[in-house]
Amino acid sequence: MQVRLPDKSLLELPDGASGLVAARSIGPRLAEQAVGVRVDGDLRDLRLPLADGQQIEILTTKNGDDADALTVLRHSAAHLLAEAVRRLYPGVKVAIGPAIANGFYYDFDFPEPIAEEDLAPIEAEIGRELSEGRSWERSEVSREEARQRFVNEDEPYKVELVDEAEGTISLYTQGEFTDLCRGPHLIDSKPIKALKLTGLAGAYWRGDSANKQLTRIYGTAFFSQKDLDAHLERLEEAKRRDHRRLGIQLDLFHFDEHSPGSAFWHPKGMTIFNQLEALRLRENARRGYSEVKTPLIYDKALWVTSGHWEKFRENMFLIPISEEHIYGIKPMNCPGHMLLFGSKLRSYRDLPLRYAEGAPLHRNELAGALHGLTRVRYVTQDDAHIFCSKEQIAAELDGCFEYLRYIYGLFGIEPRAELSTRPENKLGSDDEWDFTEGELRAALDRHSISYALSAGEGSFYGPKIDLHITDVLGRSWQMGTIQLDAQMPARFGLTYVGADNSEHPVFVIHRALLGSFERFIGILLEHTGGDLPLWLAPVQVRVLPVGEGHVEAARSIVDGLRDAGFRVELDDRSESVGKRIRDAELEKVPRLIVYGDKESPEDLAVREHGGAQSHKSLHELVIELTPLVSPPGF
RNA sequence: GCCGGAGUAGCUCAGCUGGUAGAGCAAGCGCCUUGUAAGCGCUAGGUCGUCGGUUCGAGUCCGACCUCCGGCUCCA
């Protein structure tokens, strides 16, 4: 048989030859370094047979930046971890241990809880395994044989996995440890040159909080110590870009234990916030949205009608008013908008009706889930609800997508789309969900947006398209969302009178594009490292008079720029010019003007954040900066 | 909410096995009058997260609670 190599050449192999045999036939050195093989784009174990006509690529220890090569390495490292833990903790039960984005983990059910200080001895035990050397042996067994094996070993989690496994059941054995595993794995442990256990956490069996909580040990591994060091350095850099750190450093916001999960926006942070709000208002006006304001608190009866009482109550702040009355602070704007829509008779001529509201919402997020600006309890969405007829849904979804593309384009951010379908606790019938999910799918296809399917993750009232962006530590956050809802308008009895003079059901598109200002600003800070574009920068220009004698002239430059509409500051502190430049650089002020004997309004010394210097007149500076202080497209 | 870790000055952090707290930066004051990333000096600032316990004595040991950090779950 023949397989095709990356350089397009063909390699002749005996029928059924494995990836390892292929590697050997290319060269012994390659075989020694081989860790896995990519077959027609999919990662496979080196031990598995190849088939005629396949496109193969041997992955080696030299592919230290290849995700698939690292996956093999780390998955094998996870098995070493399990072997070490089983040796050190008799009676421990093993669950699962995959490779993940930047490392691996293994979940255990320990007889006694362990603490972080227990990681060092475990790491040392893995070190011992590595110095002894381990090799992995792959075998395929029948379901019954696998089951019997894990029953004998008293490994209930493995038994459960065997019972649900589909297709071939394969086992991998290294040293004293045999694991149920699809692979692929290393041939032996030599390529694992750097390994570090990085953390300890609780994790529910199968990710379900109704199940037992296991102990997850995280680690990472690399083909070289240098790669591990680089990884740790990247983590340090990520910490420097962390929005929570930048928030303090740039004096944008802070949190206080008296109101966990709710940001205090400082003047400079509020400037950013307000710029986004201005963008929201201008773009909404341009696209036929109507701004509204609806109440923050509502009687329980409203939440019962909307379904929130049943489906969302544990996330709501409730205010008991009397024996009979409980008020709930709104976690979403939709019910209020439903009341607004229903406040009078609506004609088909009124539709689509697009209500927008940038209101504060409160959600009682789990204490352990709070995270800087990216997960807060006091959240401000760039929210809107589009009330439309069935026939208008497609066009309105198109409008949302076009809007989305515009907004994210402004920031140069490309979010990943995800379609979330009917959840277990849904309202309404499957037929209704078939329809709404189909509309969203069709809209995604019309706009050629590739998306991941997230089955069962929809809102209780409708399916949604979510946009995700990762933060500086690689965590994924949901930003914008577009949801199609037939349930809530029906529960509120919303209808419109059609041209045929009869009542028709109303559909609602819930949409937030940035998602929330809080989360968006958090992510934006991390993506920019705090170097915001001029239109968002809290201070756009700072003027530094060189000496006391220059203060007055500098002040008139400040006034001139302020009159021209810029956010400008005078720094006339009795500090050296060098010190004041340093402070401005640390605060990431986009433009500095140093004003001394050599300058005049006709000849300003302008420094850009980062150090580039130039000379220009005040007028030229105004001309240069004016287009930069509005979001692009204005 | 759950698992693990942490909470010392505005910020970043030091304080060994218990003997009532310290640095740098920031702040205030003074001197310097500054030329593209830190001029010099002085001063002030902390009920060591909160409450309780052990002890002659607790920042340090124990318990509960609060908050934060890393995960899990959940979500914009």
Side-chain angles (χ1 to χ4, degrees), chain A residues 105 107 110 113-119 198-218 239 242 244-245 248-249 251 254-261 312 314-315 331-332 361 363-377 379-383 420 457 459 464 466-469 473 475 477-481 483 510 512-520 522-523 544-551 572-586 592-599 605-613:
Chain A
Y105 67 78
D107 285 347
F110 283 93
I114 67 162
E116 218 153 76
E117 61 196 23
D118 297 315
L119 292 183
T198 52
L200 193 58
Y204 301 103
W205 169 236
R206 321 209 94 175
D208 186 340
S209 57
N211 288 340
K212 176 160 190 182
Q213 188 165 46
L214 307 174
T215 301
R216 176 170 297 177
I217 298 178
Y218 283 94
K239 264 190 206 163
D242 190 310
R244 293 165 297 186
R245 185 189 179 100
I248 293 170
Q249 193 182 319
D251 194 19
H254 84 277
F255 289 88
D256 185 275
E257 61 180 288
H258 293 95
S259 187
F312 207 74
E314 62 277 16
N315 281 308
M332 300 182 191
L361 306 174
R363 297 182 177 181
N364 192 8
E365 300 289 348
L366 293 176
L370 300 178
H371 185 94
L373 288 179
T374 48
R375 177 76 102 284
V376 291
R377 287 186 173 145
V379 57
T380 319
Q381 291 182 339
D382 60 330
D383 202 9
S420 297
E457 297 297 319
S459 250
K464 48 182 196 165
D466 292 328
L467 299 161
H468 293 256
I469 302 182
L473 285 173
R475 292 177 284 223
W477 297 97
Q478 183 186 319
M479 311 298 286
T481 184
Q483 316 176 346
H510 306 238
L513 303 181
L514 298 177
S516 77
F517 290 138
E518 289 82 4
R519 183 175 287 178
F520 193 83
I523 292 290
L544 315 187
V546 171
E548 262 171 22
H550 309 113
V551 172
D572 60 351
R573 289 176 303 158
S574 167
E575 298 282 359
S576 68
V577 172
K579 166 66 170 166
R580 285 178 284 159
I581 287 172
R582 176 181 157 80
D583 287 346
E585 287 288 348
L586 291 175
L592 298 183
I593 297 173
V594 176
Y595 200 94
D597 286 339
K598 296 180 224 159
E599 283 73 33
V606 179
R607 176 187 168 112
E608 291 183 29
H609 173 46
Q613 293 173 43

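Letters go in sequence order (proteins before strands), and every chain restarts at 1.
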**Request:** Sticking with atom P, work out how far rA64(B) lies from rC3(B), rounded to a whole angstrom.
**Result:** 12 Å
**Request:** Starting at the 5' end of nucleotides 33-40 of chain B, put B wherever the base has a protein heavy atom under 4.0 Å, S where only the sugar-phosphate does, and a dash everywhere else.
**Result:** BBBBBBB-
**Message:** Would you compute the distance between atom CD1 of I217(A) and atom OH of Y105(A) and round it to the nearest 0.5 angstrom?
**Reply:** 13.0 Å
**Asked** From R377(A) CZ over to R363(A) CZ, what is the distance, rounded to the nearest 0.5 angstrom?
**Response** 13.5 Å
**Message:** Please report the distance separating the P of rC62(B) from the corresponding atom of rU17(B), rounded so that it comes out in whole Å.
**Reply:** 12 Å
**Item:** Between P of rC65(B) and CD of E257(A), the distance in whole Å
**Value:** 16 Å
**Request:** Give the rounded distance in Å between these two atoms: CZ of F255(A) and C1' of rG49(B).
**Result:** 18 Å
**Complete:** Readout for nucleotides 70-76 of chain B: B = base within 4.0 Å of protein heavy atom, S = sugar-phosphate only, - = neither; 5' to 3' it is BBBBBBB
**Prompt:** Rounding to the closest angstrom, what is the interatomic distance between rU55(B) and rA14(B) at atom P?
**Reply:** 32 Å
**Complete:** Here the gap from M332(A) atom CE to S459(A) atom OG, rounded to the nearest 0.5 Å, amounts to 5.0 Å
**Item:** Gap separating the CG atom of D242(A) from the CD1 atom of I248(A), nearest 0.5 angstrom
**Value:** 9.5 Å
**Prompt:** Would you call R206(A) and D208(A) a salt bridge, taking side-chain N to carboxylate O under 4.0 Å as the test?
**Reply:** no
**Asked** Taking atom P of rG10(B) as reference, at what distance in whole Å does atom CD of Q249(A) sit?
**Response** 19 Å
**Request:** With C1' as the reference atom in both, quote the distance from rU54(B) to rU73(B) in angstrom, rounded to an integer.
**Result:** 38 Å
**Prompt:** Just by distance, do the side chain of Q613(A) and the backbone of A605(A) share a donor-acceptor pair under 3.5 Å?
**Reply:** no
**Exercise: identify the closest heavy-atom pair between P260(A) and E257(A)** = CD-O, 3.2 Å
**Request:** Could you provide the dot-bracket string of RNA chain B, using ( ) for intrastrand pairs, [ ] for crossing pairs and | for bases paired to another strand, with Watson-Crick or G-U pairs below 3.5 Å?
**Result:** (((((((..((((.....[..)))).(((((.......))))).....(((((..]....))))))))))))....
**Prompt:** CZ/R580(A) to CG/L544(A) distance, rounded to the nearest 0.5 angstrom?
**Reply:** 5.5 Å
**Item:** Whole-Å distance separating the CZ atom of F110(A) from the C1' atom of rG4(B)
**Value:** 12 Å
**Prompt:** Mapping I114(A) and G372(A) onto RNA chain B by nearest heavy atom, which one lands closer to the 5' end?
**Reply:** I114(A)
**Request:** Give the rounded distance in Å between these two atoms: NE2 of H254(A) and P of rU67(B).
**Result:** 15 Å
**Item:** Distance between P atoms of rG70(B) and rG15(B) (Å, rounded)
**Value:** 23 Å
**Message:** Using a 3.5 Å distance criterion without hydrogens, assess whether the side chain of R519(A) forms a donor-acceptor pair with backbone atoms of Q478(A).
**Reply:** yes
**Item:** Check: T481(A) and H510(A) side chains under 4.5 Å, non-hydrogen atoms
**Value:** no
**Request:** Between rG19(B) and rG59(B), how far apart are the C1' atoms? Round to whole Å, please.
**Result:** 13 Å
**Request:** Check for a donor-acceptor pair, side chain of D572(A) on one end and backbone N or O of V551(A) on the other, with a separation under 3.5 Å.
**Result:** no
**Message:** By nearest heavy atom, map I248(A) and H258(A) onto RNA chain B; which one lands nearer the 5' end?
**Reply:** I248(A)
**Message:** So, taking the atom named CD1 in I523(A) and the one named CG in L373(A), what distance separates them when rounded to the nearest 0.5 Å?
**Reply:** 10.0 Å
**Prompt:** What integer distance in Å separates D256(A):CG from rU50(B):C1'?
**Reply:** 14 Å
**Request:** In whole angstrom, give me the gap between the C1' atoms of rU67(B) and rC25(B).
**Result:** 25 Å
**Prompt:** When you compare rA37(B) with rC74(B), how far apart are their C1' atoms, in angstrom units rounded to a whole number?
**Reply:** 44 Å
